[in-house]
Amino acid sequence: MALYSEKVMDHFRNPRNLGVIEDADGIGEVGNTKCGDIMKMYLKIENDIIVDVKFETFGCASAIASSSMATELIKGKPISEALTLTNQAVAEALDGLPAHKLHCSVLAEEAIKSALVDYYEKNGIAYDKELFAKKAVCCHE
Ligand code: FES
């Protein structure tokens with residue numbers, strides 16, 4: 001079996017929503033200390049709906065595919081739904097990641113949460129810090 005699914009290869013070669021939102025309402029940047037990869041997520045939010053999302057990822061193929069898929073999964077969705085997106089759901093939507101690459105999808109979950117925290121803080125919106133304290137589940141952490 002190939003190491004990567006066709007979906008991973010597709011999102012790696014043709015990433016969706018790649019780029020920057022200049023007037024983003026929330027920006028999140030997270031890094032993986034082990035591999036040094038970095039993911040940055042930009043959100044445009046109107047009436048609690050994520051109307052646009054873009055990303056920049058300096059990382060491996062799995063991290064790029066995970067960010068691309070994650071943006072597809074939250075675009076046009078309410079914040080409440082984006083908050084429930086797990087790295088496992090991102091990996092499943094990609095038809096799986098190799099076990100030793102599952103940690104790459106963690107960056108996507110954390111980047112979205114980090115961008116939402118930025119949005120809340122910029123707008124003085126109270127939020128449940130507990131929701132953001134939970135670490136994404138990863139086989140390697
Ligand atoms: Fe660093 Fe994939 S190896 S995020």
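Both ligands and their constituent atoms are indexed starting at 1 by order of listing.
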Inset, instruction - Please answer whether the main-chain N or O of Cys104 pairs with a side-chain N or O of Asp37 as donor and acceptor at a distance below 3.5 Å. - result: no
Legend entry - Donor-acceptor contact below 3.5 Å, side chain Arg13 vs main chain His11: no
Inset, instruction - Enumerate the atoms of ligand 1 whose separation from the nearest heavy atom of Cys60 is less than 4.0 angstrom. - result: 2 (Fe), 3 (S), 4 (S)
Inset, instruction - In sequence, state the C-alpha distance, the side-chain angles, and the governing distance for Ser5 and Asp95, and then conclude on side-chain hydrogen bond (donor to acceptor under 3.5 Å, both in side chains). - result: CA-CA 6 Å; Ser5 72; Asp95 289 339; 5.0 Å; no
Inset, instruction - Could you tell me which N, O or S atom of Asp37 is nearest to atom 1 (Fe) of ligand 1? - result: OD2
Legend entry - Residue-ligand contact Lys34/ligand 1, heavy atom below 4.0 Å: no
Legend entry - Distance filter under 4.0 Å to Cys35 heavy atoms, resulting ligand 1 atoms: 1 (Fe), 3 (S), 4 (S)
Inset, instruction - Below 4.0 angstrom from a heavy atom of Ala63, which ligand 1 atoms are there? Numbered from 1 as shown, please. - result: 4 (S)
Inset, instruction - Compute the minimum heavy-atom distance from Met39 to ligand 1 and say whether it is under 4.0 Å. - result: no
Legend entry - Minimum heavy-atom distance between Lys7 and Ala93, given as atom pair plus value: CD-O, 3.2 Å
Legend entry - Single-linkage hydrophobic cluster, 4.5 Å side-chain cutoff, Val53 and Tyr119 together: yes
Inset, instruction - Search all heavy atoms of Ser114 against all heavy atoms of Glu29 and return the closest pair with its distance. - result: OG-N, 3.5 Å
Inset, instruction - Identify, by atom number and element, the atoms of ligand 1 in contact range of Cys104, meaning under 4.0 Å from any of its heavy atoms. - result: 2 (Fe), 3 (S), 4 (S)
